[in-house]
Protein chains: 2
Amino acid sequence: MSARHTPVRLADVQDEDCPTREVLDRVGDKWSVLVIVLLGERTHRFSELHRAIDGISQRMLTLTVRALERDGLVSRTVHASVPPRVDYRLTDLGRSLLAPLEALNAWAVEHRGDIQAARDEHDRRSG
Amino acid sequence: MSARHTPVRLADVQDEDCPTREVLDRVGDKWSVLVIVLLGERTHRFSELHRAIDGISQRMLTLTVRALERDGLVSRTVHASVPPRVDYRLTDLGRSLLAPLEALNAWAVEHRGDIQAARDEHDRRSG
DNA sequence: CCGTATCCCAGCTGATACTG
DNA sequence: CAGTATCAGCTGGGATACGG
C-alpha cells in the first residue's frame, strides 16, 4: 500500500465526481462511520446498533444502513422468525474501507492535542 | 505506518469525543478537504482559492479557511499592500493530514466502480 | 422487533449588498 | 482584493405515531 504513491490531484478535487468527494459524501455524515466501525467488529442486529450508537434515532439508523446497503458496503439479512430479526454485516467492500478509516483515526489520535492547543491559542487571542 | 495496527475501538466511536468523529467533523464538510488539497500543492491567495474551487461562495470560503486556521491546519498571512493580499498555506499539522486523506482517496479511486455497480444493481431491483 | 410515515425545527449554505 | 452583514431557502435530523 505504501509502495505506490497516489497523490490527490487538483483535477480530481475540482471535478464534481472527485473520488475523495464521493467517499466523504458517503461517510462524512453523522452516523455512517459509527455503523461501519461497529459492523467491523461483528454482525449486529438493528436493535443492537440502535443501542450501541448513542443518540441516533430509529429513523436515522434506518436511513444510514439503507444508504450503506445501497452502496454495497453493508449487507442486510432478514430472518423469518417471530419476533423478526435483521442482521447487518460488512461486505468485503465495506471491510476494505476500515483500513483508510483507521488511518484517519490514527491521525486524529496523534494530533488531537495539537488541534486543541491551536484552537485554545486562537480563541485566547480572539477573545 | 503499517507496522503498528491501530484498530478503531468501540469505546472510541461511542464516546462523544471520539477522535475519528472529531476529524470527520472537521473535514467532512463540503469544502475543507478541497482547500486542504489545494494548499497541499502550494500557497494560494484568497481569490485563487475562490477561482479554483468551483461553486464555493465567498462566504463559505471565508468560513472554511477561518475554521481551518483556528484548528491550526492552515496559516494566514496578510501582506500590507495595495491592493491587499492574503496568502494561505498548510501548516506542518495540516500537511500531516494529507497522507490519511490520500489513503481515503486511493480507496475511493480503487472502489468507486464497485460502489457504482452495487448502487445500480440495488436501484435496478428496487425500481 | 423492525421498520415506515408525518411533522417540524435548527442550522447550514447561497445570494446579495456593503466596507476597509 | 479580501473580506463582513444580512436575509432567505433547503435539508438533515429528531419526535412521534403507526404498520407488518
Side-chain angles (χ1 to χ4, degrees), chain A residues 13-14 16 21-22 24-36 38-39 42-71 74-89 122 125-127, chain B residues 13-14 16 18 21-22 24-35 38-39 42-71 74-89 122 125-127:
Chain A
V13 303
Q14 288 186 113
E16 60 182 10
R21 265 257 60 84
E22 285 183 9
L24 282 177
D25 287 345
R26 204 156 323 284
V27 302
D29 65 5
K30 199 171 177 182
W31 306 113
S32 290
V33 170
L34 305 186
V35 171
I36 291 172
L38 284 169
L39 297 184
R42 61 172 176 83
T43 296
H44 283 66
R45 49 192 301 190
F46 188 88
S47 54
E48 287 176 328
L49 290 173
H50 200 180
R51 277 190 302 271
I53 302 177
D54 191 55
I56 196 172
S57 62
Q58 196 172 30
R59 167 190 149 85
M60 286 315 298
L61 180 54
T62 299
L63 292 179
T64 301
V65 293
R66 285 288 192 272
L68 292 174
E69 187 196 11
R70 175 169 185 258
D71 291 337
V74 162
S75 71
R76 179 172 175 272
T77 307
V78 181
H79 301 273
S81 60
V82 179
R85 173 197 184 94
V86 180
D87 284 340
Y88 292 92
R89 57 181 160 75
H122 183 275
R125 278 192 298 230
S126 304
Chain B
V13 302
Q14 286 185 113
E16 60 181 11
C18 157
R21 265 256 60 83
E22 286 183 9
L24 282 178
D25 287 345
R26 205 154 325 282
V27 304
D29 66 6
K30 199 171 177 183
W31 306 111
S32 291
V33 169
L34 304 188
V35 171
L38 284 170
L39 296 184
R42 62 172 177 84
T43 297
H44 284 65
R45 49 192 301 188
F46 188 87
S47 54
E48 287 177 329
L49 289 173
H50 199 178
R51 276 192 300 271
I53 303 177
D54 192 54
I56 195 172
S57 63
Q58 197 173 29
R59 169 189 150 84
M60 287 315 297
L61 179 55
T62 298
L63 292 178
T64 301
V65 293
R66 286 286 193 275
L68 293 173
E69 186 195 12
R70 176 169 183 257
D71 291 337
V74 161
S75 71
R76 179 173 173 272
T77 307
V78 179
H79 300 275
S81 60
V82 179
R85 173 195 184 95
V86 180
D87 283 341
Y88 292 92
R89 59 184 160 74
H122 184 274
R125 277 192 299 230
S126 304

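Here is how names work: the chains are called A, B, and so on, in the same order as the sequence lines, proteins then strands, and each is numbered from 1.
Put simply, the residue from T62(A), T64(A), L68(A), L63(A) that forms a side chain to side chain contact (heavy atoms under 4.5 Å, CB included) with R66(A) is T62(A).
Atom CZ of R70(A) sits in a crowded spot, with more than 12 heavy atoms from other residues, nucleotides or ligands closer than 6.0 Å. The local environment of CZ in R45(B) is crowded, with over 12 non-hydrogen atoms from other residues, nucleotides or ligands closer than 6.0 Å.
Atom CZ of residue R26(A) and atom CD1 of residue I36(A) lie 10.0 Å apart, to the nearest 0.5 angstrom.
Remark: P of dG13(D) and CE of M60(A) are 4 Å apart, rounded to the nearest angstrom. Note: CZ (R51(A)) to C1' (dC1(C)) measures 10 Å, nearest angstrom. When the C1' atom of dG14(C) is taken as reference, atom NE2 of H50(B) falls 11 Å away, rounded to whole Å. Atom NE2 of H44(B) is separated from atom C1' of dC1(D) by 16 Å (rounded to the nearest Å). Atom CZ of R85(B) and atom C1' of dC1(D) are 11 Å apart (whole Å). If you take CG of L63(A) and P of dT6(C), they are 14 Å apart, rounded to a whole angstrom. The separation between L61(A) atom CG and dT4(C) atom P is 11 Å, rounded to whole Å. Regarding H79(A), its NE2 atom lies at a distance of 10 Å from the P atom of dC2(C), rounded to whole Å.
An OP1 or OP2 oxygen of dC12(C) is reached within less than 4.0 angstrom by no side-chain nitrogen or oxygen of W31(B). Contact check, S57(A) against dG13(D): no side-chain N or O comes under 4.0 Å of OP1 or OP2. In this model, the phosphate group of dC1(C) is not approached by any side-chain N or O of R45(A) to a distance below 4.0 Å at OP1 or OP2. Checking the phosphate oxygens (OP1, OP2) of dC1(C), no side-chain nitrogen or oxygen of S81(A) falls inside 4.0 Å.
Sequence order on DNA chain D of the closest nucleotides to P84(A) and K30(A) puts K30(A) first from the 5' end.
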Q.
Assess the residue pair R42(B) and E48(B) against the criterion (side chain to side chain contact (heavy atoms under 4.5 Å, CB included)); give the C-alpha distance rounded to whole Å, side-chain angles, the decisive distance to 0.1 Å, and a yes or no.
A. CA-CA 11 Å; R42(B) 62 172 177 84; E48(B) 287 177 329; 3.4 Å; yes
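There is no side-chain donor-acceptor pair under 3.5 Å between D87(A) and H44(A).
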For nucleotides 3-6 of chain D, give me every protein contact, N/O to N/O, under 3.5 Å, one pair per line with atom names.
residue, atom, partner, partner atom, Å
dG3(D), OP1, R66(B), NH2, 3.4
dG3(D), OP1, R76(B), NE, 3.3
dG3(D), OP1, R76(B), NH2, 2.6
dG3(D), OP2, Y88(B), OH, 2.6
dG3(D), O3', R66(B), NH2, 3.4
dG3(D), N7, Q58(B), OE1, 2.9
dG3(D), N7, Q58(B), NE2, 2.4
dG3(D), O6, Q58(B), OE1, 3.3
dT4(D), OP1, R66(B), NH2, 3.3

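The closest side-chain heavy-atom distance from E69(B) to Y88(B) is not below 4.5 Å.
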